[in-house]
Peer 1: 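This is the structure I have questions about; it appears just below.
Chain A is the first sequence line, chain B the second, and so forth, proteins listed ahead of strands; every chain is numbered from 1. In this text the structure is predicted, and so the values were computed from the model without any measurement.
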Number of protein chains: 2
Amino acid sequence: MMADHAAGKPADEGVRGRFERIYQTLRTRICMLDYAPGSRLREEDLAGEFGVSRTPLRRVLVKLEAEGLLRSVHGVGTIVTDIDVDELAQVYELRIELAELVGKLSPVIVDAALIARFRDIRARCDRMVAEGDPREFSRINMEFFHLFTTLTTNEPLREISERLYYQTARIWLKTASRLEGFDELLQNEFVTFQREVADITEAVEHGDLTAAGYVRRAHIAMSFSRIRQASGAEAG
Amino acid sequence: MMADHAAGKPADEGVRGRFERIYQTLRTRICMLDYAPGSRLREEDLAGEFGVSRTPLRRVLVKLEAEGLLRSVHGVGTIVTDIDVDELAQVYELRIELAELVGKLSPVIVDAALIARFRDIRARCDRMVAEGDPREFSRINMEFFHLFTTLTTNEPLREISERLYYQTARIWLKTASRLEGFDELLQNEFVTFQREVADITEAVEHGDLTAAGYVRRAHIAMSFSRIRQASGAEAG
DNA sequence: TAGCATGTTGTTGTGCACAACATAAGAAGA
DNA sequence: TCTTCTTATGTTGTGCACAACAACATGCTA
């Protein structure tokens with residue numbers, strides 16, 4: 001009856017569950033900039049950390065590479081991809097359209113439990129704004145995204161939205177890290193997101209998922225516009 | 001100076017090229033029903049056929065499993081997934097919307113070479129209709145899909161459209177195989193597709209990619225409606 | 001003869017050793 | 001001192017052997 005040496009590692013998880021756990025862990029680290037863009041990872045180190053061999057770990061790396069978050073180069077290493085605002089323009093262009101579709105295709109039946117989840121995250125969002133931590137902002141932003149995608153039951157749409165979201169998730173933190181000192185701009189980002197959460201929550205409360213989709217669409221478009229402006233001001 | 005023992009295997013292809021070649025080969029076999037839904041594949045056989053070990057081949061199988069075309073079960077085998085019309089409803093729902101987006105997001109500049117490709121496939125489509133072979137229909141349909149996606153330069157949109165297309169590509173051949181003897185229905189399918197190709201070709205000739213997207217959208221929706229009807233008539 | 005336990009066979013999953021490859025350091029030469 | 005070739009080092013890619021697991025066949029028992 002040996003206990004697991006690592007926390008958060010249930011003994012009854014199958015190979016599929018283990019794969020998912022490692023995958024999500026690494027994906028979160030990349031998107032929270034725990035792994036800086038351009039930095040090198042070693043397969044053996046990661047394998048050792050998660051208590052497996054290189055072989056099953058490589059399956060995770062292959063998937064992350066297919067999603068554009070990593071790049072394995074023979075004889076060099078596994079490099080965390082760098083991101084550029086211009087390269088992400090097409091991804092945002094598509095995310096904008098898919099956000100609208102989330103409110104239109106196969107909408108869920110809104111029940112009390114769903115409304116409660118939106119109200120809960122809205123309350124935590126309000127607290128986050130008071131503190132003003134970019135990292136906490138990114139965390140709640142990620143959580144809110146997952147909640148938003150549950151508004152549709154169209155599974156392919158949810159999968160694709162998730163994939164595109166994680167391709168763009170890093171750019172906000174990366175841009176924000178260059179704006180330290182400009183607290184007004186950061187505070188504006190927090191308040192804007194706060195309004196988005198409030199508006200979408202109220203739309204869900206009224207059962208108007210189409211409206212929720214339009215609000216989300218508009219906010220994604222405006223968010224990217226601000227990111228592009230902040231990057232352009234830096235470069236120009 | 002050993003010559004390659006297999007045709008279509010250039011010696012200068014990198015590991016990336018080899019991966020893509022094996023991947024597309026297996027994907028085509030699955031979608032052309034060369035591998036019947038539910039049939040079992042052996043990793044070692046496939047590895048031997050392509051002249052590699054199991055290790056690199058498994059990367060291909062992992063990707064095909066992620067796309068829903070295969071299912072690896074420990075101790076059992078690698079099974080070609082079966083497809084159901086009802087399960088594909090959501091995929092079609094999304095494909096319909098993405099087809100419209102292809103004509104709207106980042107449209108390409110239409111030049112003479114692009115028009116020539118559409119006219120070429122239109123001519124071959126006309127010849128196909130005269131012969132009336134379901135397999136040849138599927139092949140041209142696949143080729144036309146790839147040509148259609150070149151109407152947008154939005155790379156994520158093209159990738160996602162491709163993935164969803166191959167998830168649904170088998171259902172037509174599978175449904176058609178049950179309709180042998182109903183030559184009128186098959187001929188109707190051919191002629192309908194012929195009209196789609198003609199309409200989209202003319203839209204491209206006029207540089208109206210938005211219209212091309214709408215035509216494509218309508219045809220995908222109608223095609224799935226007919227497939228659902230044919231399946232329902234069988235079951236009911 | 002039905003039911004069950006058990007061994008046998010076949011397949012995918014994993015770990016490990018080595019090959020292929022790229023990079024950087026260092027030495028030799030001009 | 002600069003250039004260039006060689007060598008050393010470190011990393012990912014591949015092949016192979018074995019473990020984990022499931023399905024099937026076989027024989028034993030009631």
Side-chain angles (χ1 to χ4, degrees), chain A residues 2 4-6 9-23 25-26 30 35-82, chain B residues 2 4-6 9-23 25-26 30 35-82:
Chain A
M2 289 179 290
D4 292 324
H5 65 285
K9 184 184 176 182
D12 60 344
E13 71 171 3
V15 290
R16 203 185 188 93
R18 182 179 66 182
F19 174 88
E20 200 65 25
R21 178 174 56 90
I22 299 175
Y23 166 73
T25 300
L26 292 183
I30 294 173
Y35 295 150
S39 61
R40 282 212 331 263
L41 306 178
R42 286 187 2 104
E43 294 183 351
E44 205 157 351
D45 289 348
L46 295 175
E49 177 187 346
F50 293 104
V52 294
S53 178
R54 279 181 57 206
T55 308
L57 182 89
R58 289 188 100 254
R59 291 182 55 156
V60 177
L61 299 185
V62 164
K63 182 168 182 179
L64 289 170
E65 185 176 3
E67 311 215 335
L69 301 180
L70 291 180
R71 197 176 100 250
S72 289
V73 183
H74 189 183
V76 178
T78 304
I79 289 100
V80 180
T81 56
D82 202 350
Chain B
M2 289 180 292
D4 291 324
H5 65 284
K9 185 186 177 185
D12 60 346
E13 70 172 4
V15 290
R16 202 184 189 95
R18 182 179 67 185
F19 174 89
E20 199 65 23
R21 178 173 56 91
I22 299 175
Y23 166 73
T25 300
L26 292 183
I30 294 172
Y35 295 149
S39 61
R40 282 211 333 262
L41 306 178
R42 283 184 8 99
E43 294 183 351
E44 206 156 352
D45 289 348
L46 295 175
E49 176 186 348
F50 293 104
V52 295
S53 176
R54 277 181 59 207
T55 308
L57 182 90
R58 288 187 100 255
R59 291 182 55 157
V60 177
L61 299 184
V62 165
K63 183 167 183 180
L64 288 170
E65 184 177 5
E67 310 216 337
L69 300 181
L70 291 180
R71 198 175 98 250
S72 288
V73 184
H74 190 184
V76 178
T78 303
I79 290 99
V80 180
T81 57
D82 202 350

Peer 1: dT12(C) C1' sits how many Å from Asp45(B) CG, rounded?
Peer 2: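 That distance rounds to 13 Å.
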Peer 1: Using atom types as modelled and distance alone, determine if a side-chain donor or acceptor of Thr81(B) lies under 3.5 Å from a backbone N or O of Leu69(B).
Peer 2: yes
Peer 1: Just so I know, are the side chains of Thr25(B) and Phe50(B) near enough to count as touching, which here means a heavy-atom distance under 4.5 Å?
Peer 2: yes
Peer 1: Grab the CD-C1' distance between Glu44(A) and dT11(D) for me, whole Å please.
Peer 2: 10 Å
Peer 1: Base, sugar-phosphate or nothing for Leu61(A)? Non-hydrogen atoms, less than 4.0 Å.
Peer 2: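 It contacts nothing in the nucleic acid.
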Peer 1: Can you tell me the distance, in whole Å, between the CZ atom of Arg16(A) and the P atom of dT12(C)?
Peer 2: 16 Å
Peer 1: Taking everything shown except Glu44(A) itself, do over 12 heavy atoms lie less than 6.0 Å from its CD?
Peer 2: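 Open.
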Peer 1: Side chain of Val15(B), heavy atoms from C-beta onward: which of dT12(C), dT11(D), dT14(D) has the nearest atom to it?
Peer 2: dT14(D)
Peer 1: Taking only the side-chain heavy atoms of Thr55(A) (C-beta and beyond), determine which of dT11(C), dA23(D), dT14(C) contains the nearest atom.
Peer 2: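 Shortest atom-to-atom distance from the side chain points to dT14(C).
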Peer 1: Can you tell me how far apart OG1 (Thr55(B)) and CD (Glu43(B)) are? Round to the nearest 0.5 Å.
Peer 2: 9.5 Å
Peer 1: Taking the minimum atom-to-atom distance to the side chain of Pro56(A), which one of dC16(D), dT12(D), dT14(C) wins?
Peer 2: dT14(C)
Peer 1: To the nearest angstrom, how far is Arg40(B) atom CZ from dT9(C) atom P?
Peer 2: 17 Å
Peer 1: Side-chain contact, heavy-atom cut-off 4.5 Å: Arg54(A) with Leu57(A)?
Peer 2: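 Heavy-atom side-chain distance check fails, nothing below 4.5 Å.
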Peer 1: Considering only dT11(D), dT23(C), dT14(C), which nucleotide approaches the side chain of Arg18(A) most closely?
Peer 2: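 Closest nucleotide among those given: dT14(C).
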Peer 1: How would you label the contact of Ile79(A) with the nucleic acid (heavy atoms, under 4.0 Å): base, sugar-phosphate, or nothing?
Peer 2: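 Result for Ile79(A) = nothing.
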Peer 1: Distance check needed: dT11(D) P versus Leu41(A) CG, whole Å only.
Peer 2: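 After rounding, the gap between these two atoms is 12 Å.
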Peer 1: Could you state the CG-P distance from Leu46(A) to dT11(D), rounded to the nearest angstrom?
Peer 2: 12 Å
Peer 1: Within less than 4.0 Å of OP1 or OP2 of dT11(D), is there a side-chain N or O belonging to Thr78(A)?
Peer 2: no
Peer 1: Look at all strands and tell whether Arg54(A) reaches a base, only sugar-phosphate, or nothing, counting heavy atoms closer than 4.0 Å.
Peer 2: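 Base contact - Arg54(A) has a heavy atom under 4.0 Å of at least one base atom.
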Peer 1: Give the rounded distance in Å between these two atoms: CZ of Phe19(B) and P of dT14(D).
Peer 2: 11 Å
Peer 1: Please give, in whole Å, the distance from dT9(C) P to Arg42(B) CZ?
Peer 2: 16 Å
Peer 1: Of the nucleotides dA22(D), dT23(C), dT12(D), which one has an atom closest to the side chain of His74(A)?
Peer 2: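 Given the options dA22(D), dT23(C), dT12(D), the side chain of His74(A) is closest to dT12(D).
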